[in-house]
Protein chains: 2
Amino acid sequence: MRVDILTKSENREVQKEIISKLRDLINYKNLEPGDKLPSERMLSEKFGVSRSNVREVIQKLEFFGILKSRPQSGTFIADIGQIAMSGMMDDILRLEDPDFKSLVETRILLELKTVRLAALRRTDEDLTKMRQALDAYKEKVLNGQKAVEEDLLFHLAIAQASKNSTMNTFMLIITPEIITNFEKYHVCDANLSFQGIQEHEDIYEAIKDQDPKMAKEKMKAHFKILYQYCYNI
Amino acid sequence: MRVDILTKSENREVQKEIISKLRDLINYKNLEPGDKLPSERMLSEKFGVSRSNVREVIQKLEFFGILKSRPQSGTFIADIGQIAMSGMMDDILRLEDPDFKSLVETRILLELKTVRLAALRRTDEDLTKMRQALDAYKEKVLNGQKAVEEDLLFHLAIAQASKNSTMNTFMLIITPEIITNFEKYHVCDANLSFQGIQEHEDIYEAIKDQDPKMAKEKMKAHFKILYQYCYNI
DNA sequence: CAAACCAATCTGGTTAACCAATTTTATTTG
DNA sequence: CAAATAAAATTGGTTAACCAGATTGGTTTG
C-alpha cells in the first residue's frame, strides 16, 4: 500500500521532469505553433525515459490542448504561441491536487450558474431525467438510507440541462472527489435530513417553472449547510 | 488530413463502446465500490479490443475519478457507489466537445470568482508574477503586436493567485481552446486596443489593494466586449 | 488445528518488435 | 531541367512478450 503510493508519486515526478524537459526543448529550439516535435522515440532516448512515459505525457498535454498528435505523422504544437505554451507548462507543473475546500468552492460556483442556465434552457426531456433522479433520492432518504450518490446524480442532471458542455464536464470531474470527501468527512450524515428533499423539490419546481432567479435562490438555500461544513473543516 | 480525423473519431467511438460495455459489466456483475475489475487482459479479450484500448479507457475513467488502478494488483472501483458509477458513465458517454459559447460562458464565471479570491488571498509573489505578465502584455500591445497569449497568461496568473487549485486547473484546461477560438473568430483584433492595458492595470491595482469588490467590478468591465462578441457569433 | 511459510499464479506496468500510413528522398521520364 | 513516380525512411499506433511486485492457495510446522 505504502509502496503503491510511492511508485505513483514517483511516476508523477517522472512525468513532471519530462514536461519540464520538453518545455526547455521547445524554448531552446524556438519551436512555434504548428511545428513538429521530435518523434516519441527520439524524445524517450534524449530524456532517458521509456517511450510509454513520453506517450503518457503527450496524452496529458494533448488533454490540456497544447499538443496534438497525428498518427503516422508526428506530434505538433497546438495553435497557441510559444509564450502561452511555456507559461502553461509552468502552470501545469505547479498544479497541486485539489483540496476539499477548493472542490466545494468550485462546486458551489458552478452549480449556482448551472441551475440558472437549466431554468432557462431545460427541455421536457431534461425535466424527466431530473424527476427520476429526484424520486430515486427521495425513496432512499425516506427509507433512512444514505443517498449521497442519488443526491449528486440529481445535481448532475441539472448540469446536463444547463446545455453548457464545459460546465457539465467540470461537474463530472469534481463529482467523484466530492462524494469521496463527503463520506470521509461525514458530510453525508447531514444529507439524511428530510429537509434535503424539500430543498430539491424547490429547485426542481423553479427549473420547471423556468424561473432562473428562484432557481438560484433555492440552490443557495440548499448549499447553506454545505457552506458551514466546508469552512469548519 | 481527412483520414486522420476519421481515425480519431473512430478511436473515440471504440472508447465509448468500451465504456458502455464496462458499465454493463459492472451492472451485471453487481460490482460495488472497492471491488476489483477483471484484469486488463480479460477485458480486452471479452470486449474484443486491444489491451492498450482498455488501458486508455481505464486511464480516462481514472481521470474522472471513478476508477483507480494499483500496480501489480488490479483496477478498482472508486469509493463511489454503483448508482453514481453507472450514472456518471452515462454522462461521460453523452459528453460533447465544448462549443465556443460554452467556453466563454464558463471562463467568465470562473474569472469573476478567481479575481475576487485573488484579491483576498494573493501573496507578494503572486503580485510579482502578475506584474511580469502584465508588462509583457503591455510591451506587445504598445508595439502594435498581437498579445492574446500574454493576455491569457495574465489571467492565468490571477487564477494561480486565487489559491483554488480546482479553478486553476479548469482555467488551464479551457485556455488553449479559448486562444484557438479567439484567433479563429478574430476576437484578438479587439485586444489590440490600448483600452485593454488600462483595464488590466485596473484589475491589477484592485488585487494589489486587496479589494475583492473592485476587482470583480473591473474584471466585469474587462469582459464587456467579450460578452458582446460571444453572443454575436 | 492455527499460524507461518513458500511457491505458483495473476496483476498492472514496461519494453521491444512490428504495422500501416505518411513523408521524404532518390530515380525515372517527358 | 521539371514533373511524375517509385522506393526508402520515419511516424504514431498496436501487439505481444516480459518484468517485478502482489496475491493466493496449499503445505509445512509449532
Side-chain angles (χ1 to χ4, degrees), chain A residues 1-19 21-22 25-26 29 31 34-78, chain B residues 1-19 21-22 25-26 29 31 34-78:
Chain A
M1 195 59 170
R2 184 73 164 276
V3 179
D4 162 31
I5 294 169
L6 272 176
T7 56
K8 279 277 172 184
S9 78
E10 264 173 27
N11 185 42
R12 203 174 152 159
E13 282 310 308
V14 172
Q15 285 200 11
K16 282 196 174 189
E17 208 158 302
I18 295 176
I19 293 179
K21 281 177 181 171
L22 198 55
L25 181 81
I26 290 170
K29 286 208 173 185
L31 295 180
D35 281 358
K36 190 163 78 172
L37 244 54
S39 72
E40 295 179 352
R41 286 168 245 271
M42 205 98 81
L43 290 175
S44 74
E45 195 179 346
K46 189 180 287 240
F47 296 161
V49 295
S50 74
R51 198 183 143 198
S52 25
N53 282 144
V54 172
R55 279 177 66 77
E56 274 177 10
V57 166
I58 288 177
Q59 259 187 320
K60 187 170 182 179
L61 295 179
E62 217 174 337
F63 168 76
F64 276 102
I66 64 187
L67 289 183
K68 191 90 196 158
S69 81
R70 288 205 297 241
Q72 284 78 44
S73 178
T75 303
F76 298 82
I77 298 179
Chain B
M1 195 60 170
R2 185 72 164 276
V3 179
D4 163 31
I5 294 168
L6 272 175
T7 55
K8 281 277 172 183
S9 78
E10 265 172 25
N11 185 43
R12 205 174 151 159
E13 282 311 309
V14 170
Q15 285 201 11
K16 282 196 174 187
E17 208 158 301
I18 296 176
I19 293 179
K21 281 177 181 170
L22 198 55
L25 182 80
I26 289 171
K29 286 210 172 182
L31 295 180
D35 281 357
K36 191 161 78 172
L37 244 55
S39 71
E40 295 178 353
R41 286 166 244 272
M42 205 97 83
L43 290 174
S44 75
E45 196 180 346
K46 191 180 284 245
F47 296 161
V49 295
S50 74
R51 196 183 146 199
S52 23
N53 282 145
V54 172
R55 279 177 65 78
E56 275 177 9
V57 166
I58 288 177
Q59 259 187 322
K60 187 170 181 178
L61 295 179
E62 217 176 337
F63 169 76
F64 276 102
I66 65 187
L67 289 183
K68 191 90 196 158
S69 80
R70 287 204 298 238
Q72 285 81 43
S73 176
T75 302
F76 297 82
I77 298 178

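These numbers come from the heavy atoms of this one structure, side chains and all, not from hydrogens, waters or symmetry mates. Residue numbering restarts at 1 for every chain, and letters A, B, ... go by the order of the sequence lines.
When each of B:Leu61, B:Leu37, B:Val54, B:Leu43 is checked for a side-chain contact (heavy atoms from CB on, under 4.5 Å) with B:Thr75, only B:Leu37 meets the rule. Checking A:Glu40, A:Met42, A:Arg41 one by one against A:Pro38, the side-chain contact (heavy atoms from CB on, under 4.5 Å) holds for a single residue, A:Met42.
Comparing atom distances between the B:Ser73 side chain and each of D:dA22, C:dT22, D:dG12 picks out D:dA22 as nearest.
Side-chain N/O atoms of B:Ser39 include none lying less than 4.0 angstrom from OP1 or OP2 on C:dC10.
The NZ-P distance, from A:Lys36 to D:dT10, rounds to 11 Å in whole Å. In this structure, CG of B:Leu37 is placed 18 Å from P of C:dC10, rounded to the nearest angstrom. Rounded to an integer number of Å, the gap from A:Arg70 CZ to C:dT22 C1' is 11 Å. Rounded to an integer number of Å, the gap from NZ of B:Lys68 to P of C:dG13 is 11 Å. To the nearest angstrom, P of D:dT10 lies 16 Å from CZ of A:Phe76. The distance from atom CG of A:Asp35 to atom P of D:dT11 is 15 Å, rounded to the nearest whole Å.
If you check distances only, the side chain of A:Gln72 does reach the base of D:dG12 with a donor-acceptor pair under 3.5 Å.
Minimum heavy-atom separation, A:Lys21 to A:Phe47: NZ-O, 3.5 Å. The two residues B:Ala78 and B:Gly65 have their closest heavy-atom pair at CB-O, 3.3 Å. Among all heavy-atom pairs drawn from B:Glu62 and B:Leu67, the shortest one is CG-O, 3.2 Å. The minimum heavy-atom distance between B:Ile18 and B:Val49, with the atom names listed, is CD1-CG2, 3.7 Å.
Comparing B:Glu40 and A:Arg41, the nucleotide of DNA chain C nearest to each residue sits closer to the 5' end for B:Glu40.
Residues from residues 42-57 of chain B placing a heavy atom under 4.0 Å of any atom in DNA chain D, listed by number, are B:Ser50, B:Arg51, B:Ser52.
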